[in-house]
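Scroll down for the structure; my scribbles are underneath it.
Residue numbering restarts at 1 for every chain, and letters A, B, ... go by the order of the sequence lines. Note that the structure is a prediction, hence the values are computed from the model and not measured.
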Number of protein chains: 2
Amino acid sequence: MSSKLPPLSSLRVFEAAARYCSFTRASEELGMTQAAVSYQIKILEERVGTPLFLRRPRQVSLTETGERLAPVVSEAFELLRGAFAVAEDASQGLLSITTVNTFAANFLAERIGRFQFKYEDLAVRLDTSPGIIDFAREEFDLAIRAGRGNWPGLETHLLVPAEFSPMLSPELAASIGGIKQPSDLLKLPFIDPSDPWWKIWFDAMDTSSDELKCKPRSRMGTQTLEAKAAEAGQGVAILTPAFYRDSLNRGRLIQPFERVCHDGFGYWLVYPKARRNVPKIRKFRDWILLEIKEHYEREEIAITERRETDAIVY
Amino acid sequence: MSSKLPPLSSLRVFEAAARYCSFTRASEELGMTQAAVSYQIKILEERVGTPLFLRRPRQVSLTETGERLAPVVSEAFELLRGAFAVAEDASQGLLSITTVNTFAANFLAERIGRFQFKYEDLAVRLDTSPGIIDFAREEFDLAIRAGRGNWPGLETHLLVPAEFSPMLSPELAASIGGIKQPSDLLKLPFIDPSDPWWKIWFDAMDTSSDELKCKPRSRMGTQTLEAKAAEAGQGVAILTPAFYRDSLNRGRLIQPFERVCHDGFGYWLVYPKARRNVPKIRKFRDWILLEIKEHYEREEIAITERRETDAIVY
DNA sequence: ACTATGCATAAGGAGATTTAATGTATTATG
DNA sequence: CATAATACATTAAATCTCCTTATGCATAGT
């Protein structure tokens with residue numbers, strides 16, 4: 001199918017040497033010594049079976065064969081150069097992120113616009129899917145996943161620790177005269193009584209929760225629906241407060257107890273270690289870590305404010 | 001002017017791997033191990049900054065970027081393959097020879113046709129020029145030159161030793177009653193009395209030639225004209241018998257004495273040592289050496305025959 | 001469950017490539 | 001005309017790339 005190609009390294013040298021008609025000049029462009037150029041040309045000439053350059057006194061010139069070869073080699077290299085320049089650009093121009101739904105809905109969706117505004121030449125593809133992701137197997141630059149952050153070979157940044165605390169609508173709380181102590185919650189319906197987080201939280205509050213039977217695994221990632229149900233006053237949910245600051249501030253949900261628990265899980269930004277310095281990856285990483293930082297700074301303030309308000313309400 | 005190219009060796013590997021969508025298959029085509037392919041692809045991916053293959057369970061497939069790159073890389077390599085195939089063919093298809101005039105006129109001209117007939121796909125360019133030739137500086141495959149055969153870096157084959165002996169037309173010989181002894185020649189005009197060969201020859205025959213004053217350097221390469229003059233009966237010339245076998249056989253010239261001298265000079269086939277195995281060079285070398293061999297075999301016979309004839313004439 | 005297939009990785013080494021130093025030839029210069 | 005400057009060739013030694021061997025891991029097929 002294909003006659004064997006000459007050594008490719010010698011071709012690159014030939015291309016440059018032919019352009020300049022000078023081994024010395026070519027060696028400068030290629031960042032090597034003149035001796036190396038001379039050597040490579042010799043290799044190529046031996047391979048082709050005929051001289052490619054005529055050694056004139058103070059310059060070399062192409063032989064007939066060299067003259068025919070040079071433009072084709074140049075063209076081929078131009079093709080490659082073009083293709084790779086585009087490929088590198090293109091690969092830098094699209095940032096594809098896969099994220100678990102909870103994080104997308106409660107944090108990323110409302111902020112990603114700012115990222116796109118800041119980096120206008122960077123298109124963002126946002127994919128929402130659960131489960132783990134194998135970067136060797138799927139075309140994503142970044143992933144946001146829930147877990148403990150122990151993924152080998154991947155760079156990880158904790159975005160939001162999966163803290164949790166019971167939440168409910170103010171109306172539901174008022175229906176039983178307010179929530180004064182943890183056991184009050186047990187008078188109300190639970191939106192997902194099987195969530196293991198309940199036990200952890202009640203244990204931390206030294207309150208028995210035997211009547212709830214927990215599932216073995218937490219179901220992080222489905223908080224969005226539970227939150228909607230809680231807002232609608234259908235019961236008490238155990239949620240990650242950081243994701244619902246807005247609802248709390250607007251009074252659509254209340255978090256009756258400051259106490260948050262957490263089980264070591266969290267939402268992580270992950271990507272292959274080897275790609276940590278790819279520009280678009282760096283851009284997103286730096287941006288989101290700053291957003292997170294600011295978010296928590298504002299949350300500090302919000303909590304203090306609510307505490308004061310709550311003191312009035314209850 | 002040009003963004004740097006990725007390592008070219010990795011491109012060749014990529015091209016094959018993309019064609020097969022299989023590292024193993026590619027490694028077979030390329031004659032290397034699967035590990036080597038894997039390594040090269042990794043290099044390239046790191047260089048481009050993005051994966052080019054998705055590692056699916058039992059096969060790899062191209063990523064979007066890989067998909068865009070593959071056809072361009074293939075095209076570039078196809079270009080190169082084509083160009084070099086042609087160049088190699090072309091460089092094999094034209095044999096260019098530079099030769100000194102004497103040899104061309106007296107030996108090569110009448111035989112080169114047979115070479116061209118034997119190798120019809122080989123065009124021959126015959127250049128007649130004196131002086132030395134620098135293969136690094138001029139586009140010739142072969143040269144035929146007069147000298148002592150001591151050219152460093154060049155492969156040399158002695159074609160015809162520059163032997164010499166006086167020759168003249170039979171008519172001129174008859175005009176003084178035949179040539180019985182060397183001194184008889186001195187009674188006749190010399191076509192080029194300054195040729196240093198005269199002295200060597202007369203010395204070898206123990207005959208004084210003081211009346212001739214020789215130039216310091218022989219003038220090999222201009223024999224053709226002297227021979228013509230001798231045939232026309234204008235005088236005695238000192239010539240290389242091997243070149244005038246035909247004239248001798250036809251009786252247009254006679255060589256009165258068997259004794260030939262030589263001064264170490266000769267006609268040589270020369271070419272760069274490094275190119276000794278280039279097919280067209282090998283073809284010509286083998287062909288001409290055989291022609292020479294046959295020429296001398298026939299000359300042996302001719303000399304014997306002439307000797308018998310001469311015995312009758314004189 | 002077991003085998004076969006396909007890719008990844010690590011270590012080691014052969015060979016290719018590059019450099020540094022030097023030589024040769026030619027042109028330019030004082 | 002001698003000298004300096006330019007450009008390429010050549011050599012040996014150092015370096016580094018690339019390849020192989022050996023091994024591991026995951027998946028698909030039996």
Side-chain angles (χ1 to χ4, degrees), chain A residues 5-14 16-47 51-63 66 132-138 152-154 272-274, chain B residues 4-14 16-47 51-63 66 132-138 151-154 272-274:
Chain A
L5 277 170
L8 294 171
S9 46
S10 71
L11 287 189
R12 175 164 53 214
V13 174
F14 170 71
R19 235 180 318 114
Y20 289 116
C21 272
S22 160
F23 292 3
T24 306
R25 238 51 61 64
S27 76
E28 283 157 11
E29 169 174 320
L30 298 168
M32 52 207 245
T33 59
Q34 171 269 321
V37 172
S38 180
Y39 170 84
Q40 292 291 352
I41 298 295
K42 191 180 195 179
I43 294 288
L44 183 58
E45 288 179 329
E46 265 169 29
R47 174 59 177 61
L52 299 173
F53 287 95
L54 293 177
R55 275 68 170 180
R56 305 293 331 287
R58 299 195 45 164
Q59 94 200 59
V60 290
S61 61
L62 288 163
T63 62
I132 64 161
I133 190 240
D134 182 347
F135 286 102
R137 197 162 297 179
E138 286 167 77
L154 298 178
K273 269 205 168 64
Chain B
K4 238 176 51 202
L5 276 171
L8 294 170
S9 47
S10 73
L11 289 188
R12 176 166 51 216
V13 173
F14 170 71
R19 241 184 305 119
Y20 289 115
C21 271
S22 159
F23 292 4
T24 306
R25 239 50 61 63
S27 75
E28 283 157 12
E29 170 174 319
L30 298 168
M32 52 207 249
T33 58
Q34 169 269 319
V37 172
S38 179
Y39 170 82
Q40 292 292 349
I41 298 295
K42 190 180 192 175
I43 295 287
L44 184 58
E45 289 179 330
E46 265 168 29
R47 175 60 177 61
L52 300 172
F53 288 96
L54 294 176
R55 276 65 172 181
R56 308 293 327 288
R58 299 195 45 163
Q59 96 200 53
V60 288
S61 61
L62 288 163
T63 62
I132 65 161
I133 189 238
D134 182 347
F135 286 103
R137 198 160 298 178
E138 286 167 76
W151 292 288
L154 298 177
K273 268 205 168 65

Dump the pairs, protein N or O against N or O of nucleotides 18-23 of chain C, anything under 3.5 Å, distances to one decimal.
{"from": "C:dT18", "atom 1": "OP2", "to": "A:Q40", "atom 2": "NE2", "distance (Å)": "2.8"}
{"from": "C:dT19", "atom 1": "OP2", "to": "A:T33", "atom 2": "N", "distance (Å)": "2.6"}
{"from": "C:dT19", "atom 1": "OP2", "to": "A:T33", "atom 2": "OG1", "distance (Å)": "3.0"}

Work out which heavy atom in [X] is nearest to a heavy atom in [Y]; give both atom names and the distance.
X: A:P7; Y: A:S10; result: O-OG, 2.6 Å
X: B:C21; Y: B:S61; result: SG-CA, 4.2 Å
X: A:S22; Y: A:V60; result: N-CG2, 3.9 Å

For this session: Just do the side chain to side chain contact (heavy atoms under 4.5 Å, CB included) check on B:L44 and B:L52 with the steps written out, would you?
Result: CA-CA 8 Å; B:L44 184 58; B:L52 300 172; 3.5 Å; yes
For this session: Would you work out how much the helix from C:dA1-D:dT30 to C:dG30-D:dC1 bends between its ends, with each end axis defined by five base pairs, to 10 degrees?
Result: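 Between the axes fitted at each end of the helix from C:dA1-D:dT30 to C:dG30-D:dC1 lies an angle of 30°.
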Problem set entry | B:S9 OG to B:M32 CE distance, which is reported to the nearest 0.5 Å |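 Spacing of OG (B:S9) from CE (B:M32) equals 8.0 Å.
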Problem set entry | Distance in Å, B:F23 CZ paired with B:Q40 CD, rounded so as to fall on 0.5 Å steps |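 Reported value, rounded in 0.5 Å steps: 11.5 Å.
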Problem set entry | Residues that B:F14 engages under ring-ring contact (aromatic ring centres under 6.0 Å, His included), provided they are two or more places apart |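 Listed in chain order: B:F53.
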Can you name the residues that form a side-chain contact (heavy atoms from CB on, under 4.5 Å) with [X], not counting sequence neighbours?
X: A:E28; answer: A:T24, A:R25
X: A:A35; answer: A:T33
X: B:T63; answer: A:E139, B:P51, B:L54, B:T65

For this session: Could you list where the contact with chain A starts and ends along DNA chain D, reading 5' to 3', using a 4.0 Å heavy-atom cut-off?
Result: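 The contacted stretch runs from D:dT6 to D:dT27.
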For this session: Let me know the distance between CD1 of B:I41 and C1' of C:dT9, rounded to the nearest Å.
Result: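 B:I41 atom CD1 is separated from C:dT9 atom C1' by 16 Å.
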Problem set entry | Spacing of B:Q59 atom CD relative to C:dA8 atom C1', expressed in whole Å |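 Checked: the CD to C1' distance equals 17 Å.
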Exercise. With A:E45, which residues qualify under side-chain hydrogen bond (donor to acceptor under 3.5 Å, both in side chains), at least two apart?
Worked result: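 Partners of A:E45 by the side-chain hydrogen bond (donor to acceptor under 3.5 Å, both in side chains) criterion, ordered by chain and then number, come out as A:R55.
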For this session: Quick one: label B:R56 by what it contacts on the DNA or RNA (base, sugar-phosphate, nothing), any heavy atom closer than 4.0 Å.
Result: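 Result for B:R56 = nothing.
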Exercise. Who pairs with A:R12 by salt bridge (charged side-chain N to carboxylate O under 4.0 Å, His left out), at least two apart in sequence or on another chain?
Worked result: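 Testing A:R12 for salt bridge (charged side-chain N to carboxylate O under 4.0 Å, His left out), a comparison that skips the adjacent residues, returns none.
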Exercise. Taking only residues two or more places apart in sequence, or in another chain, which ones meet A:E138 in a salt bridge (charged side-chain N to carboxylate O under 4.0 Å, His left out)?
Worked result: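 So A:E138 forms no salt bridge (charged side-chain N to carboxylate O under 4.0 Å, His left out) with any residue.
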So which protein N/O to nucleotides 24-27 of chain C N/O distances come out below 3.5 Å?
{"from": "C:dT26", "atom 1": "OP1", "to": "B:R137", "atom 2": "NH1", "distance (Å)": "3.2"}

